[in-house]
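These numbers come from a predicted model, not from an experiment. Chain naming here is simple, since letters A, B, ... match the order of the sequence lines and numbering starts at 1 in each.
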Protein chains: 2
Amino acid sequence: MEYTISKLAKLANVSARTLRYYDEINLLKPARINSSGYRIYGQKEVDRLQQIMFFRELDVELDTIISIMNNPEFDKTRSLQNHLNQLIQKRSLLEKLIETVEKTIASDKGELKMSNEQKFEAFKDNLIQENENKYGEEVREKYGDKTVEESNKKFKNMSQQQYNTMVKLGEDILALLPKAVETGDPASALAQEVASKHKEWLTFTWPSYSKEAHRGLADMYVADKRFKAFYDKATEGGAEFLREAIIIFTNK
Amino acid sequence: MEYTISKLAKLANVSARTLRYYDEINLLKPARINSSGYRIYGQKEVDRLQQIMFFRELDVELDTIISIMNNPEFDKTRSLQNHLNQLIQKRSLLEKLIETVEKTIASDKGELKMSNEQKFEAFKDNLIQENENKYGEEVREKYGDKTVEESNKKFKNMSQQQYNTMVKLGEDILALLPKAVETGDPASALAQEVASKHKEWLTFTWPSYSKEAHRGLADMYVADKRFKAFYDKATEGGAEFLREAIIIFTNK
DNA sequence: GTTGACCTTCTCGTTACGTAAACCTTTATT
DNA sequence: AATAAAGGTTTACGTAACGAGAAGGTCAAC
């Protein structure tokens, strides 16, 4: 089955302009161009577009989608599993929001009182969730931005001790990473220690640990330019190395 | 309780820049400016910000939020009820999406086959939903854009006859509106007939009718510039008049 | 053979902020 | 008391992901 631009646009309910734009930025190229210069899409492109829509649904930036999908190691099934997890989390956050609206209505009727913090709780959760959807933006911010850290800590209700442990773990990782890179081997003891600490650190920030999520994050380390820049600043090639180490770690 | 800009920003998990921007566009003004030119916010502003966040969560444009909230007839409780309905719909759409992802995984494993249409079904629903969230954009498009109409009809699985009835109703409304405006009275028989037809027409496009939703839409007719432009094109003051007529109609 | 629906490229506009510069004020620490 | 750090101000330019048009070529049908 072949599609002209507007046929495909209708099928997927996006605009033709969107498809032209995706062509322009090399996110989705037509299968071929016919003799009059028209874009012609085939089955492969239909499937790729669906994938793109899944990412878009999770508010992943187009730039990041390009990096992820053009990566030769991109694993469609793994990625879909990831999407599924995120959507399920999104649903539970939506439920929280619904609750907040219901409480707000009740509070307006004078049936109960809400603190100012409660009024925004659901939005905060959503924020973190969205950031995680952007493949780890939140995580990067935790490292890079003390202010964000502070506020996150507060509403995550961590004890000061837990929080200190988390911060220390983060620092350890940054300190060990250059040494591990020096070994040149992502399977080396040092590299695996970094990966292990990274897992520990993750459990502080994510509600539940899974190998899939950990690997998904590793992919993002390379895909997201800002995240990549952060780890590469610690040491050259840091992001790629960490990713490899994590993949080996999760396969043990 | 008084808040400086960053205190409020932390409370609501938005950036200080966002609050300055909201000030600039007159969406949320500080309670006062202190002697050094600092913005100081109070309880009223906290509550207003929460309201704004609810709208934002539903992807309502800031311009529209301004119109809605600055309207002296703005009814907070009614608005919250509206939000609640939309969020509940959103949740059910999310469930559809989850289903689609699950099916896609199964289809990749070769356990089942999906048609190209099925691959995008959940996104289409989402699109319509999002449009409804933008307070009726979809509805306006149904009137204005035959192409969109066609595709909507198809995936909504309307019979041709149902579809014809809907289109005719829409045309009737547009034809009757100028005459109703001429009466000058939104409570006149003609105006109420328009409102009644409008309700009928709504039931074709909305999953369930409620007075609240109908009134919410009426508000939007005045708030959203594009929607307003559409009805005003039929006759001057058309949007406002229709809104009044609907409010009277829903209070009968 | 012309009308209308589709296609093309090009360019400019939009929304809701992010980010940086240049500077002033408040708070904390030496 | 002096100074550094944290937080406040305005101004101004940048950005993502298209939407909306202009100006023109192509194709099916009547």
(message) Between B:Ala16 and A:Tyr22, which residue's closest nucleotide on DNA chain D lies nearer the 5′ terminus?
(response)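 Whichever sits nearer the 5' end wins; that is B:Ala16.
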(request) Please figure out whether A:Asn34 or A:Ile25 has its closest DNA chain D nucleotide nearer the 5' end. (result)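 This one resolves to A:Ile25.
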Using whole Å, report how far [atom1] of [X] lies from [atom2] of [N].
{"X": "A:Arg20", "N": "C:dC10", "atom1": "CZ", "atom2": "P", "answer": "12 Å"}
{"X": "A:Leu19", "N": "D:dG19", "atom1": "CG", "atom2": "P", "answer": "10 Å"}
{"X": "A:Tyr3", "N": "C:dC6", "atom1": "OH", "atom2": "P", "answer": "17 Å"}
{"X": "A:Asp63", "N": "C:dG18", "atom1": "CG", "atom2": "C1'", "answer": "16 Å"}
{"X": "B:Asp23", "N": "D:dT9", "atom1": "CG", "atom2": "C1'", "answer": "12 Å"}
{"X": "B:Glu24", "N": "D:dT9", "atom1": "CD", "atom2": "C1'", "answer": "13 Å"}
{"X": "A:Ile52", "N": "D:dC18", "atom1": "CD1", "atom2": "C1'", "answer": "15 Å"}
{"X": "B:Leu62", "N": "C:dC17", "atom1": "CG", "atom2": "C1'", "answer": "9 Å"}

(request) May I ask you to check whether over 12 heavy atoms, not counting those of A:Lys29, lie within 6.0 Å of atom NZ? (result)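 More than 12 within 6.0 Å, yes.
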(message) Check this for me: does the side-chain of B:Tyr21 come within 3.5 Å of the base of C:dG18 through a donor and an acceptor?
(response)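 When only heavy-atom distances are counted, B:Tyr21 does not reach the base of C:dG18 through any donor-acceptor pair under 3.5 Å.
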(message) When you measure from the side chain of B:Glu45 to the backbone of B:Pro30, do you find a donor-acceptor pair of N or O atoms at a distance under 3.5 Å?
(response)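 Not a single qualifying donor-acceptor pair exists.
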(request) Counting heavy atoms from C-beta on, name the nucleotide in C:dC7, D:dG19, C:dG18 closest to the side chain of B:Arg17. (result)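 It is C:dG18.
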(request) Taking only the side-chain heavy atoms of A:Ser15 (C-beta and beyond), determine which of D:dG19, D:dT26, D:dG7 contains the nearest atom. (result)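 Looking only at heavy atoms from C-beta outward on A:Ser15, the closest nucleotide is D:dG19.
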Check whether any side-chain nitrogen or oxygen of [X] sits under 4.0 Å from OP1 or OP2 of [N], and answer yes or no.
{"X": "A:Thr18", "N": "D:dA17", "value": "no"}
{"X": "B:Ser36", "N": "C:dT26", "value": "yes"}
{"X": "A:Ser6", "N": "C:dC7", "value": "yes"}

(message) Please classify the nucleic acid contact of A:Ile5 as base, sugar-phosphate, or nothing, using heavy-atom distances under 4.0 Å.
(response)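 Sugar-phosphate: the residue A:Ile5, judged by heavy atoms under 4.0 Å, touches backbone atoms but no base.
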(message) For a quick check of understanding: with a heavy-atom distance under 4.0 Å over all strands, which category does B:Arg39 fall into, base, sugar-phosphate or nothing?
(response)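 B:Arg39: backbone/sugar contact only, no base atoms under 4.0 Å.
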(message) Using side-chain heavy atoms (C-beta onward) and a distance below 4.5 Å, is B:Met114 in contact with B:Thr104?
(response)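 Yes, close enough: below the 4.5 Å cut-off.
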(message) With side chain to side chain donor-acceptor pair (under 3.5 Å) as the criterion, how do B:Ser67 and B:Thr64 come out once you've worked through the C-alpha distance, each side chain's angles and the decisive distance to 0.1 Å?
(response) CA-CA 5 Å; B:Ser67 307; B:Thr64 307; 5.9 Å; no
(message) With a 4.0 Å cut-off on N to O distance, would you call B:Arg32 and B:Glu2 a salt bridge?
(response)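 Between B:Glu2 and B:Arg32 there is a salt bridge, with a charged N closer than 4.0 Å to a carboxylate O.
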